[in-house]
Amino acid sequence: MKNAEQLYNEIGESITDAKAGNMFGWKCFKHQNKPFIFFDKKTEQAMVFKLNKDSLIDALDLQGADTFNPGDKAKPMKNWAVIPYKHSQ
């Protein structure tokens with residue numbers, strides 16, 4: 001069985017022209033220099049995805065999902081969701 005980081009790498013590497021990088025001290029993959037997925041460095045058991053509004057609403061209904069707030073600021077990043085690895089099954 002894959003672990004969360006292996007799945008994160010598979011997803012990132014499956015996107016044509018995506019490049020591994022870092023942002024806010026978190027591992028991420030970027031496409032056209034814009035991040036689209038992060039690996040959750042806090043739990044190491046989740047991924048963070050940029051989603052459209054409808055997908056974000058659905059994603060946040062998943063148990064354990066949350067908005068993405070990398071710096072623990074007052075306002076989370078718009079259209080980003082932390083999705084626990086357990087939902088990959």
Side-chain angles (χ1 to χ4, degrees):
M1 185 166 101
K2 295 176 211 167
N3 69 31
E5 191 166 12
Q6 288 171 324
L7 181 59
Y8 156 81
N9 284 317
E10 280 183 21
I11 293 169
E13 291 167 357
S14 73
I15 305 298
T16 303
D17 297 327
K19 301 210 181 321
N22 237 312
M23 188 174 217
F24 312 119
W26 295 55
K27 291 182 190 179
C28 70
F29 276 91
K30 298 177 182 181
H31 184 263
Q32 296 180 347
N33 213 30
K34 294 182 182 179
F36 63 91
I37 185 174
F38 288 90
F39 182 68
D40 185 347
K41 74 175 187 176
K42 291 180 182 178
T43 68
E44 296 186 350
Q45 290 300 311
M47 286 173 266
V48 184
F49 297 92
K50 181 154 187 164
L51 303 168
N52 65 42
K53 185 178 177 181
D54 291 335
S55 296
L56 180 65
I57 291 167
D58 291 340
L60 293 176
D61 282 340
L62 296 170
Q63 182 183 14
D66 202 356
T67 55
F68 182 46
N69 194 343
D72 295 320
K73 308 247 185 226
K75 191 174 179 183
M77 290 178 62
K78 184 178 180 180
N79 296 333
W80 287 86
V82 180
I83 308 296
Y85 174 65
K86 66 183 177 185
H87 294 294
S88 69
Q89 311 305 314

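- In this structure, Cys28 and Pro35 approach most closely via the heavy-atom pair SG-CB, 4.3 Å.
- Across all their heavy atoms, Ile15 and His31 have their closest contact at CG2-CD2, 4.0 Å.
- When all heavy atoms of His87 and Leu62 are compared, the closest pair comes out as NE2-CB, 3.7 Å.
- A ring-centre distance under 6.0 Å is not found for Phe36 and Phe49.
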Inset, instruction - Please lay out, stage by stage, how Met77 and Lys50 fare under the test side chain to side chain contact (heavy atoms under 4.5 Å, CB included). - result: CA-CA 9 Å; Met77 290 178 62; Lys50 181 154 187 164; over 6 Å; no

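- Between the side chains of Asp58 and Ser55, no donor-acceptor pair of N or O atoms lies under 3.5 Å.
- Nearest heavy atom pair, residue Met47 against residue Ile11, reads SD-CD1, 4.0 Å.
- Counting heavy atoms from C-beta outward, Asn9 and Gln6 have side chains that stay 4.5 Å or more apart.
- Side-chain atoms of Val82 and Val48, non-hydrogen and from C-beta on, do get closer than 4.5 Å to each other.
- Between Gly12 and Ala18, the shortest heavy-atom distance links the atoms O-CB, 3.4 Å.
- More than 12 heavy-atom neighbours from other residues, nucleotides or ligands sit within 6.0 angstrom of CD on Glu10.
- Taking both residues in full, the closest heavy atoms of Ala4 and Ala46 are given as CB-N, 4.5 Å, listed atom of the first, atom of the second, then distance.
- Distance NZ/Lys27 to NZ/Lys41: 11.5 Å, rounded to 0.5 Å.
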Legend entry - Intermediate values then yes/no, side chain to side chain contact (heavy atoms under 4.5 Å, CB included), Leu51 and Asn79: CA-CA 5 Å; Leu51 303 168; Asn79 296 333; 5.6 Å; no

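- Annotation: side chain of Leu60 is in contact with side chain of Thr67 (closest heavy-atom distance under 4.5 Å).
- Between Phe68 and Trp80, the ring planes lie tilted relative to each other; the angle falls in the 30° to 60° range.
- For the pairing with Tyr8, the ring-ring contact (aromatic ring centres under 6.0 Å, His included) check across Phe38, Trp26, Phe39 returns one residue only, Phe39.
- Between Glu13 and Phe29, some side-chain heavy-atom pair lies under the 4.5 Å cut-off.
- Sparse packing is recorded around NZ of Lys34, with 12 or fewer heavy atoms of other residues, nucleotides or ligands lying under 6.0 Å away.
- Rounding to the nearest 0.5 Å gives a distance of 10.5 Å between NZ of Lys78 and CG of Leu56.
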